[in-house]
Every structure is written in C-alpha cells, then in structure tokens.
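Working notes, beginning with the structure itself.
Source: prediction; values computed, not measured. Here is the naming used below: chain letters follow the sequence lines, and residue numbers restart at 1 for every chain.
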Amino acid sequence: MKEYDIVVIGGGPAGLAAAYSAKENGIDNILIIERDNILGGILNQCIHNGFGLHVFKEELTGPEYAERYANLVEEKNIEYILNSMVLSVDENKVVTVMNEEDGIFEIQAKAVILAMGCRERSRGAINIPGYRPSGVFSAGMVQRLMNMEGYIPGKEVVIFGSGDIGLIMARRMALEGAKVKAVVERKPYSSGLQRNIVQCLDDYDIPLLYQHTVSKVVGKDRMEGVVLSKVDDKKQAIPGTEEFVSCDTLLLSVGLIPENEISRDLGVKMNRKTSGPIVGENLMTNVEGVFACGNVLHVHDLVDHVTMESNIAGKKAAEYIKMNKVDTSGKKIQLIPDKGVSYLVPDHINLSTLSDDVTVRFRVTDVYEGAYVDVNFDDELAIHRKKPFLAPGEMQEIKLKKDYILEHQNTDNITFKVEAK
Amino acid sequence: MEEKNLICISCPIGCHMTVTLDNEEVSKVEGNTCKRGAAYAEKEITNPTRFVTSTVKVKNGQVERVSVKTELDIPKSKIFDVMKEINSVEVSAPVKMGDTIIENVAGTNVNIIATRSVK
C-alpha cells in the first residue's frame with residue numbers, strides 16, 4: 001500500500017490551497033485525489049469574473065483562478081491523481097480509491113484533509129409537484145453543460161432560487177439568446193450577492209419575483225411551463241394566486257449541501273446548521289488527524305475565503321505531521337451563535353493548539369441595516385462592530401486576536417450576536 | 001441636485017452607494033468602502049461598462065469549449081455585438097490561458113482572451 005503524509009480529498013480550490021499550504025509548511029509527501037479530469041473543481045465552469053480580489057489582488061474568472069492555483073501546485077511538484085473517486089476513509093486513515101486504470105486500491109495516510117466541496121440540492125429535495133419531464137435541471141449542471149461541454153439546454157427559461165448560481169446562469173442564458181422569463185424566490189430577499197442582481201438581472205431586464213414559488217411543473221415528456229404562486233410569510237403557496245408561465249427549461253438554484261458522505265462514515269461529527277464537520281480553530285474534526293476546509297466545511301460565497309481557510313487546514317495538518325500528534329485535551333473555549341447568527345465556524349478554540357489569530361466565519365439569520373455584531377467573551381463585550389448591511393446570503397467574518405484570547409483564557413463561551421438598530 | 005442609489009459591482013462586497021448629481025455630473029459619492037466604488041459610480045452614470053465572459057468552440061482539444069473574456073470592460077450597449085462575434089469564431093487546440101482569441105472585438109478596441117488552457 002502506498003503511503004503519504006497527507007492525502008487531500010478533492011482537487012478544487014480548497015484541496016489545492018490546502019496541499020500548497022502544507023507543502024509550504026514543510027511537508028513533501030502529499031497526494032491530491034480528484035474525481036474530475038482536471039484540477040480546479042467547480043471553478044472551471046464558473047467562467048464569469050469576480051474571483052481572486054483578495055488572494056491574487058486582481059479580478060479573475062473561475063478558470064483563471066483554478067489554472068493559476070493548479071500551476072502553483074505543479075511548480076511545487078505536489079502529486080495528484082485525476083479521474084479517481086475516494087470511496088471511503090477508515091479510522092486508521094486508509095483511503096480507498098477507485099479509478100478506471102487501477103480499479104479499487106488503498107492508500108495509507110497519516111493525515112487527511114477533507115476538501116470535497118458541495119453539491120446542489122435537487123428537485124427531489126424541494127418536492128415540486130408534477131411529472132418529470134425533460135427540461136428540469138440544477139443550475140450548476142447547466143453551467144457545466146454550457147460552459148464546458150457546449151450545450152444550451154433550452155430557449156425559454158424560468159429559474160427557481162436567486163442564489164448566486166441562479167443569477168449568474170440567468171445572465172449566461174440571456175447572453176446566449178435564451179429568454180429568461182423570471183427568477184423566482186420564495187424569500188422576500190435574495191440569497192445572492194447584490195452585485196449579481198445588478199449585473200445579471202437588471203442589466204438584462206430579467207424580473208426577480210420575491211415571495212413566489214414554483215408550485216407545479218407542467219408537461220409530461222418535455223416541459224411546457226411552470227405554475228408560479230405567491231407565498232405567505234411561512235413560504236407556503238397561497239391558493240388562488242397561481243399563474244402559468246410557459247417555458248421549456250427550469251433551472252433550480254435552491255441551495256448547496258456539503259458533500260460529507262465519506263466524513264460521516266468515518267465518524268466525523270457534523271454541525272446540523274452547516275451540514276459540515278464540527279471543527280476547532282485548527283480546522284481539525286473530532287477524528288484526530290482529519291481536517292476539513294472549503295465548501296465541505298460550510299458553503300462559502302467567495303473562493304478567496306475558501307483559499308484562506310484552506311491555507312490554515314494545510315498548515316495545521318503539516319504541524320500535525322511534524323509533531324506526530326495533536327494535543328486537544330486542554331481547555332476549549334466554545335463559540336456560540338446567539339441572536340441573529342445562524343452558525344459559527346470554527347465551533348471551538350483549543351487553547352493547546354492555538355497559534356494564530358482566529359478568523360470566525362458566520363452567517364446572519366435575517367437582513368439587517370445599520371446593525372452591530374457583538375462578540376462577548378462570557379459577559380465581557382470584546383467586539384462591537386458596525387455593519388451597514390447584513391444579509392444571510394453574505395458570509396461575514398470577524399477576526400479574534402490570539403493575544404486577546406490568551407489574555408482571556410478563563411473564558412468558557414464566546415458568543416456572537418446581531419444587535420439590530 | 002439629484003441623488004441616485006447604486007449598488008457597486010466592482011467586487012463581491014456590493015456597497016450601497018448614494019451618488020449626488022449636479023447638472024448631470026457626479027459631485028459626490030457616498031457609501032463606498034474603496035476608490036473603485038467611486039470610479040464605478042462615475043462610470044455607471046456617464047458611460048456604463050461591463051466585462052463579458054463566454055466560451056468559444058475548440059477543435060481537436062481535450063474539451064469542446066474554451067472560456068474567454070473581454071480583456072477590459074466594454075460599453076454596456078455593445079454586449080450583444082460582442083457576443084455575436086464571440087459565437088462566430090472557432091479556434092484549434094492548443095490554447096493557452098491569456099492567448100488573444102479576437103482582436104478589437106466589435107470595434108471596442110478591446111481583445112477577447114482565453115481564460116484557460118486547452119491541450
């Protein structure tokens with residue numbers, strides 16, 4: 001059985017950054033395992049720009065970001081295999097992999113970095129009534145079909161869900177000559193970035209219908225249209241508000257789910273809010289030597305944040321290999337999401353492994369204007385930060401200074417909450 | 001004096017800005033967190049521009065399409081002219097990231113360049 005110090009599962013932005021960072025921190029024996037035929041993951045189909053402003057200090061498209069990172073990994077001679085699917089990781093860190101050339105084989109790792117990313121929620125997850133005609137797609141699937149494989153799936157389109165992928169695909173289809181009839185959103189606000197509403201919908205006069213839902217898919221073999229309904233405050237369709245809209249294609253952009261089957265089978269404990277592993281400030285899960293970063297940990301808006309988070313996972317995995325152990329038996333400070341905050345990553349801070357400032361990433365539960373985010377170390381107000389605009393679709397981050405944490409090491413709980421105006 | 005509300009598209013932060021116009025000229029920009037916001041506001045009022053990203057057919061490559069972009073932002077009114085030209089060309093592999101695919105697309109003085117390599 002081949003042996004590696006660190007096996008990185010997934011060759012997208014998280015896996016590439018984690019591997020590169022581990023190498024920079026002195027580990028040479030690293031393997032990245034990627035299931036697609038190219039490194040870079042979903043970035044390869046995200047041909048729009050807006051990537052890299054933080055990491056590369058310039059605005060790049062997804063493929064450019066991916067290729068630059070893949071080139072960094074190549075320059076460092078980090079080993080990777082493509083077209084290879086990880087089936088499982090066991091408690092001894094034996095990684096079982098499958099590909100067409102070698103069949104099923106095992107690899108022994110000392111540390112594992114989970115970087116599998118996420119996948120799209122499908123029609124089944126949201127229970128839209130109707131037959132199952134052709135023409136219903138997840139938005140990311142169409143993004144791949146159009147941008148990598150060269151197919152346009154239809155000419156008259158309705159998009160359900162106003163997350164970023166839905167907005168980006170509305171523009172993409174409009175650019176290729178499709179008529180995008182509406183983007184439909186159940187909530188009274190979009191979970192996508194504001195800039196995308198401006199440059200993807202407003203620019204192309206595509207209506208965004210808030211507080212509406214797709215209540216039926218019409219058509220048996222091929223889609224003929226959808227029935228839209230207004231929804232009440234509980235997001236339930238209001239009878240009598242139905243309206244038929246003809247279309248041949250329905251794109252679903254209704255959320256992403258971290259892809260954690262391998263993690264769960266390995267015994268990694270999950271956070272129910274993020275659907276990702278529970279990790280400490282070192283991004284290590286409850287299974288010693290197993291780290292997680294990127295969209296498998298929690299779904300991000302910006303790849304730059306994925307890269308920065310994954311740098312930490314790579315560094316911490318490298319430290320773990322060099323010390324051959326990790327001591328998390330000491331005091332833990334728990335991070336607790338309070339009023340207006342839906343989750344926090346990391347979940348806790350191990351004082352025994354704390355070596356840097358801790359960037360806490362979180363999402364809020366509602367739209368707030370002119371609110372403050374308060375961070376309390378037990379009862380002491382540590383941070384009172386003004387936030388002109390907060391929305392659940394825009395991930396927030398607040399850095400906790402290492403020195404401040406060490407000065408307050410008797411703290412049991414650090415709570416984050418939104419103080420509305 | 002007239003006020004207009006804009007959302008900055010320069011980066012993913014999406015600042016909510018208020019632009020004050022004095023005789024159709026921008027006299028004040030508020031709400032931006034960086035210089036790019038002020039520049040965007042000025043441009044958006046006087047001559048709105050956008051980057052266009054799309055794909056071009058590739059022959060004999062490992063994939064069917066190569067992703068491309070306008071090297072600089074182009075006038076918003078030219079977006080569909082640019083798309084038409086992008087869809088009329090075909091390239092042969094290999095293509096390298098940064099290669100010029102179309103020069104002076106749709107008379108904008110801006111080139112279309114490849115955003116990935118195709119072997």
Side-chain angles (χ1 to χ4, degrees), chain A residues 37-38 40 43-54 58-68 70-71 144-152 164 168 171-172 174-177 192-200 202-204 300-305 369 388-389 391 393-395, chain B residues 5-18 30-34 36-37 40 44 48-59 61-73 76-77 79-84 86-87 90 95-98 113-119:
Chain A
N37 57 10
I38 180 175
L43 281 174
N44 288 306
Q45 68 185 54
C46 299
I47 62 166
H48 53 282
N49 52 8
F51 304 89
L53 281 165
H54 301 280
E58 60 180 301
E59 189 165 8
L60 302 173
T61 63
E64 290 171 308
Y65 194 110
E67 193 163 322
R68 282 205 192 184
N71 288 345
R144 186 179 173 103
L145 286 175
M146 289 183 72
N147 295 345
M148 295 178 77
E149 297 176 21
Y151 298 101
I152 302 174
D164 286 314
I168 296 281
R171 173 177 64 183
R172 185 73 190 108
L175 278 175
E176 293 293 0
L193 295 172
Q194 293 288 323
R195 72 181 319 222
N196 286 336
I197 293 172
V198 175
Q199 64 184 355
C200 298
D202 298 350
D203 276 4
Y204 300 90
H300 295 62
D301 316 321
L302 299 186
V303 68
D304 297 76
H305 291 164
E369 283 192 48
F389 186 78
E394 302 193 2
M395 187 189 283
Chain B
N5 291 319
L6 288 180
I7 294 168
C8 185
I9 63 165
S10 304
C11 88
I13 294 171
C15 292
H16 291 236
M17 307 188 293
T18 305
E30 289 170 298
N32 54 314
T33 37
C34 77
R36 290 154 50 96
Y40 168 76
E44 190 66 9
T49 61
R50 296 289 184 267
F51 280 87
V52 175
T53 61
S54 189
T55 63
V56 164
K57 268 188 202 165
V58 187
K59 278 185 292 193
Q62 74 202 126
V63 286
E64 302 297 314
R65 295 259 151 183
V66 58
S67 51
V68 298
K69 69 175 180 184
T70 51
E71 202 168 4
L72 296 167
D73 43 345
K76 199 172 146 182
S77 57
I79 290 175
F80 281 97
D81 297 335
V82 168
M83 278 303 294
K84 208 170 162 189
I86 288 175
N87 282 338
E90 213 172 276
V95 181
K96 279 182 80 177
M97 178 167 71
I113 60 169
T115 57
R116 67 168 283 185
S117 302
V118 177
K119 284 177 202 154

Side chain, backbone, both or neither: which part of [X] has a non-hydrogen atom closer than 4.5 Å to chain B?
{"X": "A/I197", "answer": "neither"}
{"X": "A/E394", "answer": "side chain"}
{"X": "A/Y151", "answer": "neither"}
{"X": "A/L193", "answer": "side chain"}
{"X": "A/L175", "answer": "both"}
{"X": "A/A66", "answer": "neither"}

Interatomic distance, [X] atom [atom1] to [Y] atom [atom2] [nearest 0.5 angstrom]:
{"X": "B/R65", "Y": "A/L145", "atom1": "CZ", "atom2": "CG", "result": "12.0 Å"}
{"X": "B/K69", "Y": "A/I47", "atom1": "NZ", "atom2": "CD1", "result": "12.0 Å"}
{"X": "A/N49", "Y": "B/D73", "atom1": "CG", "atom2": "CG", "result": "9.5 Å"}
{"X": "A/E176", "Y": "B/T55", "atom1": "CD", "atom2": "OG1", "result": "6.0 Å"}
{"X": "B/S67", "Y": "A/N44", "atom1": "OG", "atom2": "CG", "result": "8.0 Å"}
{"X": "B/F51", "Y": "A/T61", "atom1": "CZ", "atom2": "OG1", "result": "11.0 Å"}

Are any of the side-chain heavy atoms of [X] and [Y] separated by less than 4.5 Å?
{"X": "B/R50", "Y": "A/Q199", "result": "yes"}
{"X": "A/E59", "Y": "B/S10", "result": "no"}
{"X": "B/R36", "Y": "A/L53", "result": "yes"}
{"X": "B/R116", "Y": "A/I38", "result": "yes"}
{"X": "B/C15", "Y": "A/Q194", "result": "no"}
{"X": "B/C8", "Y": "A/R195", "result": "no"}

Q. Using non-hydrogen atoms only, which part of B/I86 is less than 4.5 Å away from chain A: side chain, backbone, both, or neither?
A.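 Neither part; nothing is under 4.5 Å.
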
Q: Let me know if B/M97 has heavy atoms under 4.5 Å from chain A in its side chain, its backbone, both or neither.
A: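 Both parts, backbone and side chain.
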
Q | Over 12 non-hydrogen atoms of neighbours within 6.0 angstrom of CD in B/E64 | A |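 Count not over threshold, so no.
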
(Q) For a quick test of reading the model, state the closest non-hydrogen atom pair linking A/D203 to B/K76 and the distance between them. (A)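 So the minimum-distance heavy-atom pair works out to OD1-NZ, 3.1 Å.
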
(Q) Could you work out, with ring-ring contact (aromatic ring centres under 6.0 Å, His included) as the rule, every residue matching A/F389, not counting sequence neighbours? (A)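 So A/F389 forms a ring-ring contact (aromatic ring centres under 6.0 Å, His included) with B/H16.
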
Q | No-hydrogen, no-angle side-chain donor-acceptor test under 3.5 Å, B/T53 and A/R172 | A |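 No.
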
Q: Would you please name every residue forming a side-chain hydrogen bond (donor to acceptor under 3.5 Å, both in side chains) with B/T70, sequence neighbours left out?
A: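 B/T70: no side-chain hydrogen bond (donor to acceptor under 3.5 Å, both in side chains) contacts found.
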
